[in-house]
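One structure is given here, and the rest of the page talks about it.
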Amino acid sequence: MVVQKVLSSYYTIGSQARDILSNASVTDAHGWLRWFLLDVPVVPVLLIFHTLYAADRIHTLTGGRQFWFKSLILTTFGAFGGSTMSAVLSGQPAPLFTNASNVMFAYIIVAWYLVDQSRLVRQFVRTRPFNAVLAFGATAAKARAIFGF
């Protein structure tokens, strides 16, 4: 009796999942998500999400009580320290020491300035909907970096 109920529940879940996957709106959402994760250029779109998210996280972590230069350095290494360390350990050129770093530094400085020095922008970035979008974009940027590596 119990086995029959369990099998019945699995059949119900499976048929509902099949119905969801055959739905046109789910297919459209999957196509949009695939485009965002795989086809959107890392620079400038995903880099904007990543730098703003890193600047907000570092400002939250330090409470905004750091000297401005220390805060900028912490934000830079918070955003790009992991990729730099993995590149150094794998014998690849570190992103901070390539031509791409000119663009990366410009983005991180602007993001740091907006989050660290502007209370209005910081409050907007910390709203739930915008922060969720930033976290999603930052995660997509990290995933693209890992897959590209």
Side-chain angles (χ1 to χ4, degrees), residues 6 9-10 12-14 16-149:
V6 170
S9 66
Y10 280 133
T12 303
I13 291 171
Q16 289 175 354
R18 188 181 64 236
D19 292 343
I20 289 172
L21 292 176
S22 64
N23 191 347
S25 64
V26 171
T27 306
D28 293 341
H30 179 266
W32 181 85
L33 186 62
R34 184 177 190 283
W35 168 80
F36 185 78
L37 293 176
L38 299 176
D39 298 332
V40 169
V42 174
V43 176
V45 178
L46 294 179
L47 190 59
I48 291 170
F49 288 115
H50 179 66
T51 56
L52 275 173
Y53 187 74
D56 181 49
R57 294 293 91 202
I58 294 297
H59 189 273
T60 302
L61 181 69
T62 62
R65 295 182 305 267
Q66 302 296 322
F67 181 64
W68 71 269
F69 188 68
K70 183 178 180 183
S71 175
L72 178 61
I73 297 300
L74 284 172
T75 302
T76 302
F77 283 115
F80 303 118
S83 61
T84 301
M85 185 57 77
S86 67
V88 167
L89 292 175
S90 66
Q92 302 292 325
L96 288 178
F97 307 117
T98 62
N99 289 336
S101 68
N102 297 335
V103 174
M104 291 166 47
F105 275 120
Y107 279 97
I108 198 66
I109 288 171
V110 169
W112 167 81
Y113 184 80
L114 289 174
V115 171
D116 197 66
Q117 303 297 319
S118 174
R119 181 174 290 145
L120 182 64
V121 171
R122 188 169 49 247
Q123 287 175 346
F124 177 71
V125 165
R126 290 185 181 165
T127 60
R128 276 212 191 277
F130 194 77
N131 200 335
V133 169
L134 276 183
F136 181 74
T139 305
K142 290 174 192 171
R144 288 279 297 275
I146 290 169
F147 289 139
F149 187 67

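Please read all numbers here as calculations on a predicted model, not as lab measurements.
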Between Ala55 and Thr75, the two heavy atoms sitting closest are CA-CG2, 3.6 Å
Indicate yes or no: at least one non-hydrogen side-chain atom of Trp112 is less than 4.5 angstrom from one of Thr51. no
Please report the closest heavy-atom contact between Gln117 and Arg122, naming both atoms and the distance. N-NH1, 4.3 Å
Are Asp56 and Leu52 packed together at the side-chain level, in the sense that at least one heavy-atom pair is separated by less than 4.5 angstrom? no
Let me confirm one number: the CD-CD1 distance from Gln66 to Ile58, rounded to the nearest 0.5 Å. 10.0 Å
Do Leu120 and Phe124 touch side chain to side chain, with heavy atoms closer than 4.5 Å? no
Closest heavy-atom contact between Thr76 and Phe105? CG2-CE2, 3.7 Å
Which pair of non-hydrogen atoms, one from Val125 and one from Leu134, has the smallest distance, and what is that distance? CG1-CD1, 3.5 Å
Is the side chain of Ser118 donor-acceptor paired with the backbone N or O of Val115 at a distance under 3.5 Å, no angle test? no
Side chains of Thr62 and Lys70: does their closest heavy-atom pair fall under 4.5 Å? no
Taking all heavy atoms of Ala140 and all of Leu46, pick out the closest pair and write down the distance. CB-CD2, 4.1 Å
Got a second to check how far Asn131's CG is from Arg57's CZ, nearest 0.5 Å? 5.5 Å
Note, Leu89 side chain near Met85 side chain (heavy atom, < 4.5 Å): yes
May I ask you to test the Phe49-Phe136 pair for a side-chain heavy-atom distance under 4.5 Å? no
Answer whether the closest heavy-atom distance between the side chains of Val103 and Leu47 falls below 4.5 Å. yes
Please give me the minimum heavy-atom distance between His50 and Ala79, naming the atom from each residue. NE2-O, 2.8 Å
